[in-house]
Amino acid sequence: MQQDSRSAEAGRRSSSALEAPSPREQGEGGVAIIGGGIIGICAAAFLAEAGLDVTVFDRTGICEETSSGNAAAFAFSDVLPLAHKGMIKNLPKWLADPLGPLSIPPAYLPQLLPWLIRFWRAGAPAKYEASLAAQAGMMKLAEAEWMGLLDRSGTRPMLREDGSLELYESEAEFRAGLSGWAARERFGIGFRHVEREELATLQAGLSPRFVKGTFVPGWKTVADPKLLGKAVWAYAEAKGARFEMARIDRVAADRDGATLTLADGTTRHAKRLVVAAGAWSHRLARQLGDRIPLETERGYNTTLPKSAFDVKRMLIFSGHGFVITPLATGLRVGGAVELGGIERRPNYDRSKALLLKAQAFLPGLDPTGGREWMGFRPSLPDSVPVIGEAPASPSVLYAFGHGHLGLTQAAATGRLIRELVLGQTPPVDLAPFSPQRF
Ligand SMILES: Cc1cc2nc3c(=O)[nH]c(=O)nc-3n(C[C@H](O)[C@H](O)[C@H](O)COP(=O)(O)OP(=O)(O)OC[C@H]3O[C@@H](n4cnc5c(N)ncnc54)[C@H](O)[C@@H]3O)c2cc1C
């Protein structure tokens with residue numbers, strides 16, 4: 001990775017300031033992170049491990065929002081950007097169904113249009129290939145960094161390593177996915193296509209409508225994303241990270257760092273600021289002077305009691321845009337994408353529609369006793385997160401926009417943020433992740 005001179009200079013300043021903080025700097029310096037989701041938590045863990053003075057600010061707590069209720073996958077093989085030909089071909093069919101895998105509330109369309117145009121353009125072959133290569137490199141780092149962090153934080157027992165099974169209802173659906181599998185193969189991702197008998201071995205009780213599947217042995221899940229986030233935070237705290245429950249209303253950057261104005265009107269000053277505020281990050285970036293085309297892909301699920309069905313491994317129904325994950329704490333059924341912005345109220349008919357499908361796909365599934373949930377995937381049009389120095393200020397780093405893959409890429413992001421704060425060379429080229437690419 002090549003850093004520009006401004007970035008290297010910022011890193012050197014920050015590093016030397018943070019290596020030997022004076023008591024005054026301890027009080028008002030160090031690194032502030034806005035966002036206690038899985039990205040902020042992992043960034044805090046890596047920075048605290050490096051001995052830095054780090055404080056996380058969040059209005060709701062640690063791992064209480066989108067990072068708490070996701071599908072729990074370490075989807076290291078999920079390297080395909082969303083804007084690809086197969087996906088775009090499915091759009092008319094999906095959009096025709098108001099409770100289908102993808103929906104756009106008509107009233108939100110005008111606001112969404114610029115993002116949609118960028119999304120469409122991201123599917124152009126050269127851009128698609130560049131995003132694919134960036135994601136593949138990121139995923140290699142993601143797996144290595146998560147395995148390391150799980151070990152160091154004592155959370156490895158929360159890992160499930162039984163792979164995933166993607167399911168197809170027809171030969172045509174299977175064939176439509178083959179180019180995607182070929183692309184994954186190029187990046188060394190292991191998988192095996194399976195037929196009826198082996199399908200039944202990998203998951204008993206499936207509806208006979210599924211004629212083929214793809215088993216990905218390296219796919220991993222976690223016991224429960226909220227419990228994992230809280231456990232990694234406990235580790236970060238043990239390493240010295242601190243938490244302050246507060247909504248940050250304003251951010252401003254200056255020569256000496258960044259100033260945060262809290263909802264109660266008080267301020268905090270930090271030498272470096274990391275914006276890891278998930279789907280709300282672009283609002284903070286805007287205050288600093290940067291326009292980042294961040295949207296939210298809202299997703300829905302229902303977590304049933306564990307006894308609802310004996311699901312052996314994560315089941316993926318790509319044609320219907322949802323998954324079923326066996327957690328230590330229940331059976332989570334959900335997914336789907338609603339491009340409806342941040343303010344709109346949740347429409348839990350979406351969770352119910354997915355649950356109905358799950359009943360059809362796993363006859364015998366008990367749909368009772370579930371808890372419905374909605375979360376905000378922070379998504380950029382090219383499916384690649386923003387990780388890097390804010391164009392508006394070298395005191396600020398951005399770490400957001402991980403879309404469908406924030407849990408998967410959180411430890412890698414933490415590592416990259418640590419290298420940027422310390423002014424060291426990151427292990428992957430950060431150009432594709434640059435906030436300036438838009
Ligand atoms: C249905 C669904 C399934 C998913 N499944 C998976 C999966 O299996 N694997 C995977 O890798 N990813 C998955 N994801 C995506 C993943 O959940 C997200 O990418 C990830 O949680 C984003 O983490 P984050 O830390 O960036 O954001 P968040 O978890 O949203 O955290 C951001 C935090 O910032 C805080 N915040 C925002 N603004 C302010 C402010 N002004 N002041 C104070 N605090 C503020 C918020 O309170 C929040 O706690 C899924 C998402 C959904 C919706």
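The first residue in the sequence is number 1, and the count goes up from there. Predicted model, so just to flag it, every value in this text is computed and none were measured. Ligands are counted one by one from 1 in listed order, and the atoms in each one are counted from 1 as well.
Protein residues lining ligand 1, listed by chain and number: Gly35, Gly36, Gly37, Ile38, Ile39, Asp58, Arg59, Thr60, Glu65, Thr66, Ser67, Asn70, Ala71, Ala72, Ala73, Ala246, Arg247, Ile248, Ala276, Ala277, Gly278, Trp280, Gly299, Trp373, Gly375, Arg377, Pro378, Gly403, His404, Leu405, Gly406, Leu407, Thr408 [non-hydrogen atoms, distance under 4.0 Å].
For Asp382, the salt bridge (Lys or Arg N to Asp or Glu O under 4.0 Å) test picks out Arg437, with sequence neighbours left out. Remark: Arg298 pairs with Glu338 by the salt bridge (Lys or Arg N to Asp or Glu O under 4.0 Å) rule, at least two apart or across chains. Remark: Ala204 pairs with no residue by the side-chain contact (heavy atoms from CB on, under 4.5 Å) rule, at least two apart or across chains.
Taking the charged nitrogens against the carboxylate oxygens, Lys220 and Glu143 do have a contact shorter than 4.0 Å, which makes a salt bridge.
Inter-residue side-chain proximity for Arg121 and Pro381 is flagged as unmet; no heavy-atom pair is nearer than 4.5 Å. The shortest distance between side-chain heavy atoms of Ile292 and Leu380 falls below 4.5 Å.
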